[in-house]
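Residue numbers count from 1 along this sequence.
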Amino acid sequence: MRIAVTGSIATDHLMTFPGRFADQLVADQLHTVSLSFLVDNLDVRRGGVAANICFGMGLLGTRPILVGAAGSDFDEYRAWLDRHGVETGSVRISEVLHTARFVCTTDADHNQIGSFYTGAMSEARLIELKSVADRVGGLDLVSIGADDPEAMLRHTEECRSRDIPFAADFSQQIARMDGEEIRILLDGATYLFSNEYEKGLIESKTGWSDEEILSKVGHRVTTLGARGVRIERAGEAVIEVGCPEENTKADPTGVGDAFRAGFLSGLAWGVGLERAAQVGCMLATLVIETVGTQEYTLRRTAFMDRFTKAYGHEAAAEVQQHLV
């Protein structure tokens, strides 16, 4: 199964604030916020939602196709992704702009404040999926993640016009999109990804109820934080999957991307929705135990031991044969 993942390619600048953001906010002064946080440390990591998802899929052996735009400073990052099983031949390299950059501060309660510089990501709108499909021998699914908004719209319309199944995954871009854009991006999606807060925001902005949205997408996949994930389909029983036990909670950045990597890999393996969600939750647990979105490792035996403990021997037997 050939899965292309479109979206941002970026470097992450991750900082840790030892206090609580909530303690620094004055309720009647929120319209004039002016704050500076003295942070303890800075980690510069590889990131971007599409690259993060592809990294996880590469570790699982599903050879994802990364589709996005980066700057001329991408060579080292490309080599890293190539080495970890990602197909990077469809990345557009800008001649004038740097690779996008995410700057994020996390407080003691794991709340986050972040800013994103688009850079070369703005050129993703120039990428045509037909060229990607022709180069790799066709596409079975395109996951359309947070990216240049014009690129997201173009990729969605192209998937519809070429009858390519697609997943709608707005994540960080949902805050700047209006209801009409969101309606266009989700209508006809095979999968709609969001977390609980984004789920409510999608309904609020589109004016569509949960039932109306379910009538317009194949599957609605909602991540529930520490409670796992819920998968809904019109007229079908809800699937709910919990998370494995965490060894530690180091950094939540990239957890959602890791879930998507595991879930999409499960789809590529053909193991079914529940198993795919279990793989996604297991991979997400590895990420929350690690600082950085692509700093975790996947050791087959340890992965399967924890997977078996969380989901049982029957589930493990279905997944183990695919894990490389």
Side-chain angles (χ1 to χ4, degrees), residues 3-15 42-59 64-94 97-106 112 114-127 129 132 142-152 154-155 167-176 193 195 198 251-265 283-284 287 290-296:
I3 299 178
V5 181
T6 78
S8 61
I9 301 168
T11 56
D12 290 344
H13 294 241
L14 308 176
M15 292 165 281
L42 166 67
D43 287 303
V44 180
R45 307 285 184 179
R46 303 172 185 91
V49 295
N52 289 342
I53 294 169
C54 283
F55 175 82
M57 294 178 70
L59 289 187
I65 301 151
L66 175 61
V67 180
S72 58
D73 52 346
F74 183 62
D75 287 350
E76 184 179 348
Y77 198 168
R78 184 197 295 275
W80 164 266
L81 292 171
D82 287 342
R83 183 158 56 87
H84 288 88
V86 178
E87 208 286 334
T88 62
S90 295
V91 175
R92 175 186 173 88
I93 301 300
S94 172
L97 297 170
H98 292 293
T99 300
R101 190 160 301 173
F102 177 56
V103 180
C104 181
T105 302
T106 303
Q112 295 182 311
S115 299
F116 194 87
Y117 161 72
T118 58
M121 192 179 80
S122 62
E123 296 186 9
R125 66 185 67 183
L126 303 176
I127 300 171
L129 293 177
V132 177
V142 177
S143 180
I144 302 174
D147 203 346
D148 168 67
E150 188 63 34
M152 297 172 72
R154 175 174 181 176
H155 296 334
D169 187 9
F170 320 125
S171 56
Q172 294 101 326
Q173 289 291 37
I174 193 171
R176 65 175 290 170
F193 290 105
N195 60 32
E198 292 163 349
D251 180 9
T253 309
V255 170
D257 297 336
F259 169 78
R260 288 152 174 77
F263 184 83
L264 292 172
S265 293
L283 204 66
V287 172
T290 310
V291 176
T293 59
Q294 297 179 30
E295 304 305 318
Y296 62 101

Sorted by chain and residue number, the side chain to side chain donor-acceptor pair (under 3.5 Å) partners of Q112 (sequence neighbours excluded) come out as T106, T253
Counterpart residues, side chain to side chain donor-acceptor pair (under 3.5 Å), relative to Y77 (two or more places apart) | Q294
For N52 and T293, what are the C-alpha separation, side-chain angles and deciding distance, and is it a side chain to side chain donor-acceptor pair (under 3.5 Å)?
-> CA-CA 6 Å; N52 289 342; T293 59; 2.8 Å; yes
Only one of L264, V86, D257 passes side chain to side chain contact (heavy atoms under 4.5 Å, CB included) with C54, and that residue is V86
Could you point out which residue of I65, V67, V132, D82 forms a side chain to side chain contact (heavy atoms under 4.5 Å, CB included) with E87?
-> I65
Measure the [atom1]-[atom2] distance between [X] and [Y] for me, rounded to the nearest 0.5 Å.
X: H98; Y: D73; atom1: NE2; atom2: CG; answer: 6.5 Å
X: D251; Y: D43; atom1: CG; atom2: CG; answer: 8.0 Å
X: I9; Y: R78; atom1: CD1; atom2: CZ; answer: 8.5 Å
X: Q173; Y: M152; atom1: CD; atom2: CE; answer: 6.0 Å
X: T11; Y: R46; atom1: OG1; atom2: CZ; answer: 10.5 Å
X: C104; Y: H13; atom1: SG; atom2: NE2; answer: 12.0 Å

Please test S143 against D169 for side chain to side chain donor-acceptor pair (under 3.5 Å), starting from the C-alpha separation and ending with a verdict.
-> CA-CA 7 Å; S143 180; D169 187 9; 4.7 Å; no
Which heavy atom of [X] sits nearest a heavy atom of [Y], and at what distance?
X: M121; Y: D148; answer: O-CB, 3.3 Å
X: A120; Y: A69; answer: O-CB, 3.2 Å
X: A284; Y: A258; answer: CA-CB, 3.8 Å
X: F102; Y: S115; answer: CD1-O, 3.3 Å
X: T99; Y: A70; answer: OG1-CB, 3.7 Å
X: A124; Y: A151; answer: C-CB, 3.6 Å

For a 4.5 angstrom cut-off between non-hydrogen side-chain atoms, does [X] reach [Y]?
X: V49; Y: S8; answer: yes
X: L129; Y: T6; answer: yes
X: L97; Y: S122; answer: yes

Other residues, nucleotides, ligands: >12 heavy atoms within 6.0 Å of R176 CZ | no
Between [X] (side chain only) and [Y] (backbone N and O only), is there a donor and an acceptor less than 3.5 Å apart?
X: E198; Y: N195; answer: yes
X: R154; Y: R125; answer: yes
X: S94; Y: G71; answer: no

According to the interplanar angle, ranging from 0 to 90°, do the rings of F55 and W80 count as parallel (below 30°), tilted (30 to 60°) or perpendicular (above 60°)?
-> parallel
